[in-house]
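Pasting a structure below so you can have a look.
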There are 2 protein chains.
Amino acid sequence: MPQTGDKDGPRTLQTVSMASQVLMTLKELDGAGVTELATELDISKSTAHIHLTTLVENGFVVKQNGRYELALKLFAVGEYVRSQNPLYRHGKDQVDELADKTGQYVHIVTEENGRAINLYQVKGDTSVSGTYQTTKPQQRDYLHYTASGKAILAYLPEQRVREILNRHGLPGRTANTITDSEVLFEELENIRERGYAYNDEEEIEGFRAIGAPLQTPDGDVLGSLSVSGPASVLQGERFEETLPEEVINSANIIEVNINMSNRS
Amino acid sequence: MPQTGDKDGPRTLQTVSMASQVLMTLKELDGAGVTELATELDISKSTAHIHLTTLVENGFVVKQNGRYELALKLFAVGEYVRSQNPLYRHGKDQVDELADKTGQYVHIVTEENGRAINLYQVKGDTSVSGTYQTTKPQQRDYLHYTASGKAILAYLPEQRVREILNRHGLPGRTANTITDSEVLFEELENIRERGYAYNDEEEIEGFRAIGAPLQTPDGDVLGSLSVSGPASVLQGERFEETLPEEVINSANIIEVNINMSNRS
DNA sequence: GAGTTTTGTTCAATATATGCGAACATATAA
DNA sequence: TTATATGTTCGCATATATTGAACAAAACTC
């Protein structure tokens, strides 16, 4: 059958799509052997083999003690991609500064294909130490249960928000996670009125956050800046006045930095 | 002709190799349009187009204001790859600590396909501020003109070192860069005797470094740990005694951490 | 803001690269 | 050692990638 029944929309190269799946499967499985991969993707061993060989030849996969694993080249490429990102380039210093000032976690987040990408994060020195950073950083990257994510959603065209919800849904995480789209839209309305977003233990029990959007002069969201920490610290006036102000301030500075760099 | 004249060694999927080239070309060009890419890779516009479309479908490329660029998904994948790396997992904390202690730059470096990969780096607070970090971090990643790189080469089997030299050569950077392979092999001998490597302005004028290998109990090199800073600071007893000791100490701790995690 | 050039996208046809299974090779287990 | 699983190579049939040409949409130009 030509171009398998998939309703892929545009015509695509199946071999390349398979190669992409191979990469993502190696990520899922933390590396794999030929047979394992073939089973997982439901292809023949020979096909799995030639895919892996090709990816090795191109440096995206390495064969390490008998297993095929994603290569560090991907890390190098990824670093390049981040370094090209304007939000990262012009926001990094402010993140460092804000983390210093607040002592909490500070993140710069952006959105791609409806998912959150953590461009840069720093742990201020009064924020939870002792709580170990899990090795798998929570790259679970939904937008609806973080302050950064909601700050982005709030300033995205409603149409796009609906698309994202259809695509990714609103999975729950804690008792406070917003899992109903009507509730979410009300929340986004509140965020727009307020100018920044709260996360009140919606992702992790005991963790709160404040997130402000980063926008272009004509109102497009580029991403967001957030501060997060234990609910015991982010509370009272600090949570309602001081921190929001500081986050907004830093966000404004980043916005200015970006605009400056766009003038020639 | 089946499998074009290329002497690729093993049989590979040309479509996938082309897709890889597309990705790397987008990196080289900092993004490109369809025609530009087609010209660069000497393929038809339609082929370039379907490749790009496929990579977009798979999330590795995004179309941003009319140009195709590498997607942040690659950054996310790259972060995952790094997080899986034992050297990073068990070395990061030591890097932070050593940067604190010395006040200089500290790097953890490893090798892949004969090139250096900077797994993690931190700038201690007394190291050059004012000198701006260039936006393109010097991911030029040759092994022969850095302390980290030479520390790795010194403990790699000579056969592999020769392969690497054949593959990548010994391009010069400063007046001090070693560009002759015989000189390099002598230097590697010295490093083995000493137990650590020096970089005396071989990469950047005015910059020195000290690098120690990170090895498994049976002598395989996993990577290296290095401290670097201005030649005006890295000099005298500090350069010859104190810092080497501190680097070696930290390196040993990392080695132990890794071994611990391999038991059971 | 019409005309012109460049760039992006779609399509049908054909040659060819891809995916498969079977056979062989190598590694691991019993 | 034999047995079992895993990895690798090969030839073949057929699905599929590449192409050029035609069309569409931008982007300049004046």
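Below, chains carry the letters A, B, ... as their sequence lines are ordered, and counting in each starts from 1. Atoms considered below: every heavy atom in the structure, side chains included; atoms not considered: hydrogens, waters and symmetry mates. Here the structure is a predicted model, which means the values were calculated and not measured.
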Inset, instruction - Using a strict cut-off of less than 4.0 Å between a Lys/Arg side-chain nitrogen and an Asp/Glu carboxylate oxygen, indicate whether B/E36 and B/R67 qualify as a salt bridge. - result: yes
Inset, instruction - For C/dT9, take OP1 and OP2 only and decide whether either is under 4.0 Å from a side-chain N or O of B/Y68. - result: yes
Inset, instruction - Taking only the side-chain heavy atoms of A/V34 (C-beta and beyond), determine which of D/dT8, D/dT6, C/dG21 contains the nearest atom. - result: D/dT8
Inset, instruction - Indicate yes or no for a side-chain donor-acceptor contact from A/S224 to the backbone of A/S148 under 3.5 Å, with no hydrogens or angles considered. - result: yes
Inset, instruction - Identify whether any heavy atom of A/T15 sits under 4.0 Å from a base atom; if not, whether one sits that close to sugar-phosphate; answer base, sugar-phosphate or nothing. - result: sugar-phosphate
Inset, instruction - Output yes when at least one side-chain N/O atom of B/K63 is less than 4.0 Å from OP1 or OP2 of C/dT9, else no. - result: yes
Inset, instruction - Answer yes or no: does a side-chain N or O of B/T35 lie under 4.0 Å from OP1 or OP2 of C/dG8? - result: yes
Inset, instruction - Compute the angle between the rotation axes at the two ends of the helix from C/dT4-D/dA27 to C/dA30-D/dT1, each taken over five pairs, rounded to 10 degrees. - result: 60°
Inset, instruction - Pick base, sugar-phosphate or nothing for B/I43, based on heavy-atom distances below 4.0 Å to the nucleic acid. - result: sugar-phosphate
Legend entry - Minimum-distance nucleotide (side-chain atoms of A/H51 versus D/dG7, C/dT9, C/dG19): C/dG19
Legend entry - Length of the CD-C1' vector between A/E36 and D/dT8, whole Å: 18 Å
Legend entry - A/H49 side chain near D/dT8 phosphate (N/O to OP1/OP2, under 4.0 Å): yes
Inset, instruction - Take the protein atom CD of B/Q64 and the nucleotide atom C1' of C/dG8, then report the distance between them rounded to whole Å. - result: 18 Å
Legend entry - Whole angstrom value for the distance that separates P of D/dT18 from CG of B/L41: 11 Å
Inset, instruction - Would you kindly give the CG-to-P distance between B/D42 and D/dT19, to the nearest whole Å? - result: 8 Å
Legend entry - Residues A/E163, A/R167: salt bridge by 4.0 Å N-O rule: no
Inset, instruction - Please check if any side-chain donor atom of B/D30 sits under 3.5 Å from a side-chain acceptor atom of A/Y80, or the reverse. - result: yes
Inset, instruction - Round to a whole Å and report the spacing from CD of A/Q21 to P of C/dG19. - result: 12 Å
Legend entry - Interatomic distance, A/I50 CD1 vs C/dG21 P [rounded to whole Å]: 15 Å
Inset, instruction - Look only at the side chain of A/H51 and the backbone of A/L23, and say whether a donor-acceptor pair between them is shorter than 3.5 Å. - result: no
Inset, instruction - Side chain of B/Q14 only, please: which of D/dT18, C/dT10, C/dA17 is the nearest? - result: C/dA17
Inset, instruction - Go through C/dT18, D/dA22, C/dG21 for me and flag the one nearest to the B/R11 side chain. - result: C/dT18
Inset, instruction - To the nearest Å, give me how far apart CG (B/L52) and P (C/dT9) are. - result: 9 Å
Inset, instruction - Measure the distance from CG on A/N65 to P on C/dT28 and round it to the nearest whole Å. - result: 11 Å
Inset, instruction - Would you mind checking if B/R160 and B/E111 are paired as a salt bridge, meaning a charged N to carboxylate O distance below 4.0 Å? - result: yes
Legend entry - Distance below 4.0 Å between B/T47 side-chain N/O and D/dT19 OP1 or OP2: yes
Legend entry - Presence of salt bridge, B/E112 and A/K73, under 4.0 angstrom: no
Inset, instruction - Please work out if A/S46 contacts a base, only the sugar-phosphate, or nothing of the nucleic acid, heavy-atom cut-off 4.0 Å. - result: base
Inset, instruction - Classify the angle between the aromatic ring planes of A/H144 and A/Y142 as parallel (below 30°), tilted (30 to 60°) or perpendicular (above 60°). - result: perpendicular
